[in-house]
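A short write-up of the structure that comes next.
Note on naming: letters A, B, ... go to the chains in the order of the sequence lines (proteins, then strands), and numbering restarts at 1 for each one.
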Number of protein chains: 2
Amino acid sequence: MSHVGYSCLMALDRDHVLRSAAALLTRKSTATMDEVAKAAGISRATLHRHFAGRDALVRALEALGIAECEGAVSRARLDDGPAGEAVRRLVREIQPAAGLLAFLYGESQLWEGDRQNDGWQRLDARIGAVFQRGQRTGEFRIDLTPVWLTEALYGLIASCAWATLDGRVAARDFPTMVAELLLGGAVRREES
Amino acid sequence: MSHVGYSCLMALDRDHVLRSAAALLTRKSTATMDEVAKAAGISRATLHRHFAGRDALVRALEALGIAECEGAVSRARLDDGPAGEAVRRLVREIQPAAGLLAFLYGESQLWEGDRQNDGWQRLDARIGAVFQRGQRTGEFRIDLTPVWLTEALYGLIASCAWATLDGRVAARDFPTMVAELLLGGAVRREES
DNA sequence: CCCACATGAGACATATTTGTCTCACACTGG
DNA sequence: CCAGTGTGAGACAAATATGTCTCATGTGGG
């Protein structure tokens, strides 16, 4: 029964296509379906067999981005140890997905509609919780809301991803730049 | 000679159209020329008489954004007093233009090409200088480069502008949220 | 009053992208 | 060898946005 082999190959291809598309759209967010297909090394017809249309492709990339973030959040074990260290781990774990995140962050199509993926809400909750925890333990200042700190984290990740693509920031400095700037603002300053 | 009155009215209208377009495109970056025209209360034909095409409109918005930023930078007197206070003044002065900046920041069309407006380079230099000054005086930490701090400032402004549009951050808190987070990372912590 | 001119409305061609379809080709397993 | 299947190439229509044009209208100045 070749159907098994079929779906198996399709699944592998699908992931490859998705990652190629992410890499391309990170650099050129207005790339056409044809360019996406060429970047993945397949034809436009096959691309359409994987994703019904451009919208479906973007949605799939959104789902991938959410999944990558959730993986990073889990691996970072945000509930363990000092909140500051947890945030540092999170930034380090999320770096490989930073380009994809930057693309999604700028894809206003995903945010304008009233129906947006619940995954972001779940992520916001998990990430916001670590800031809240840091505030409760007195490690973080309380005059910046967890919601804003979460938003700022996304913003800094996207900014640094773009700066990295332009060569204004070295890729190896990404975790330091993002985490140190964010935490410098979030960590309560030591009393002098 | 009606040509005087003509150009005068055109100039006034042009500015009004530009600001309407900025307000609309901040909320819906994919708005069509027709929607932009309607938002400005004029017809598409008249809009085309002001701006040769969509590209010209975006370029004009870019020029407006640069001008607003340069005005804010000048009013903030970045060379006066402590660098931290200078940055706070800058953020306060730049808030009215934050929405426009957020739109421009997400308009990848402006950054992908090899020919980008020199205005941004001039602005980067002026803003980067205040971070550099803060580092020289020992007020700012030196492990975050002025280039990154400048980039992060733009990113946080855009993030906070979007969060404000969504109601996740109150508009009156904008200066505090952006400046406190950025400076908390930039200002060297007091020795404990 | 009259004329010049800016405007609005709309028609029209054009360009671009998208979505769908067909068909020939290559590969793979039986 | 051959049937099944995924793929690439390309044709095609449809949708959308854009740019250009014409013409009627209204208004303000001379």
Side-chain angles (χ1 to χ4, degrees), chain A residues 1-22 24-62 103 106-110 112-113, chain B residues 1-62 103-104 106-110 112-113:
Chain A
M1 187 179 187
S2 58
H3 183 266
V4 173
Y6 160 75
S7 67
C8 203
L9 284 175
M10 290 287 277
L12 286 176
D13 278 4
R14 187 187 148 97
D15 192 74
H16 166 241
V17 170
L18 222 39
R19 306 220 170 250
S20 304
L24 173 61
L25 291 172
T26 294
R27 295 192 308 272
K28 189 183 178 205
S29 61
T30 59
T32 67
M33 294 293 274
D34 205 64
E35 291 172 299
V36 171
K38 282 202 195 331
I42 62 175
S43 71
R44 197 160 66 93
T46 304
L47 178 59
H48 266 82
R49 286 182 192 110
H50 284 296
F51 305 98
R54 188 190 180 78
D55 189 71
L57 174 63
V58 173
R59 295 290 168 179
L61 284 170
E62 182 185 34
F103 161 69
E107 200 67 3
S108 49
Q109 167 193 11
L110 299 174
E112 282 162 5
Chain B
M1 186 181 187
S2 60
H3 182 266
V4 174
Y6 160 75
S7 66
C8 205
L9 284 175
M10 290 288 279
L12 286 178
D13 278 4
R14 187 187 149 96
D15 191 74
H16 166 242
V17 170
L18 221 39
R19 307 221 170 248
S20 304
L24 173 61
L25 290 172
T26 294
R27 294 192 308 272
K28 188 177 184 232
S29 61
T30 59
T32 67
M33 295 293 275
D34 207 63
E35 292 172 297
V36 171
K38 280 201 196 331
I42 63 175
S43 70
R44 196 162 66 95
T46 304
L47 178 59
H48 271 278
R49 286 183 192 109
H50 285 295
F51 306 98
R54 188 190 179 76
D55 189 72
L57 174 63
V58 172
R59 294 290 167 181
L61 284 170
E62 181 185 34
F103 161 69
L104 294 174
E107 201 66 4
S108 48
Q109 168 193 10
L110 300 174
E112 283 161 5

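- For B:S29, the side-chain contact (heavy atoms from CB on, under 4.5 Å) partners are A:S108, A:E112, B:F103, not counting sequence neighbours.
- Considering only residues two or more places apart in sequence or on other chains, B:A52 meets the side-chain contact (heavy atoms from CB on, under 4.5 Å) condition with B:A56.
- When side chains are defined from C-beta on, B:Q109 counts as touching B:D55, because their heavy atoms get closer than 4.5 Å.
- Counting to the nearest Å, the P atom of D:dT7 and the CZ atom of A:R14 are 14 Å from each other.
- At its two ends the helix from C:dC1-D:dG30 to C:dG30-D:dC1 runs along axes set 10° apart, each axis drawn from five pairs and the angle rounded to 10°.
- Note: CD1 (B:I42) to P (C:dT7) measures 8 Å, nearest angstrom.
- Under the side-chain contact (heavy atoms from CB on, under 4.5 Å) criterion, B:A39 pairs with B:L24, not counting sequence neighbours.
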B/S/- along nucleotides 14-21 of chain C (protein heavy atoms under 4.0 Å) is ---SBBB-
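- In this structure, A:T46 reaches the D:dG8 phosphate: one of its side-chain N or O atoms is under 4.0 Å from OP1 or OP2.
- Looking at A:R59 and A:E62, a side-chain N of the basic residue comes within less than 4.0 Å of a carboxylate O on the acidic one, giving a salt bridge.
- In this structure, the side-chain contact (heavy atoms from CB on, under 4.5 Å) partners of B:T46, at least two apart in sequence or on a different chain, are B:I42, B:S43, B:R49, B:H50.
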Evaluate the side-chain contact (heavy atoms from CB on, under 4.5 Å) criterion for residues A:M33 and A:L57: first the C-alpha distance (whole Å), next the side-chain angles of each, then the deciding distance (0.1 Å), finally the verdict.
CA-CA 9 Å; A:M33 294 293 274; A:L57 174 63; 4.2 Å; yes
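- Put simply, NE2 on A:H16 is 13 Å from P on D:dT7, counting in whole angstrom units.
- As rounded to whole Å, 16 Å separates atom P of D:dT20 from atom CZ of B:F51.
- Counting heavy atoms from C-beta on, the side chains of B:D15 and B:R19 come closer than 4.5 Å.
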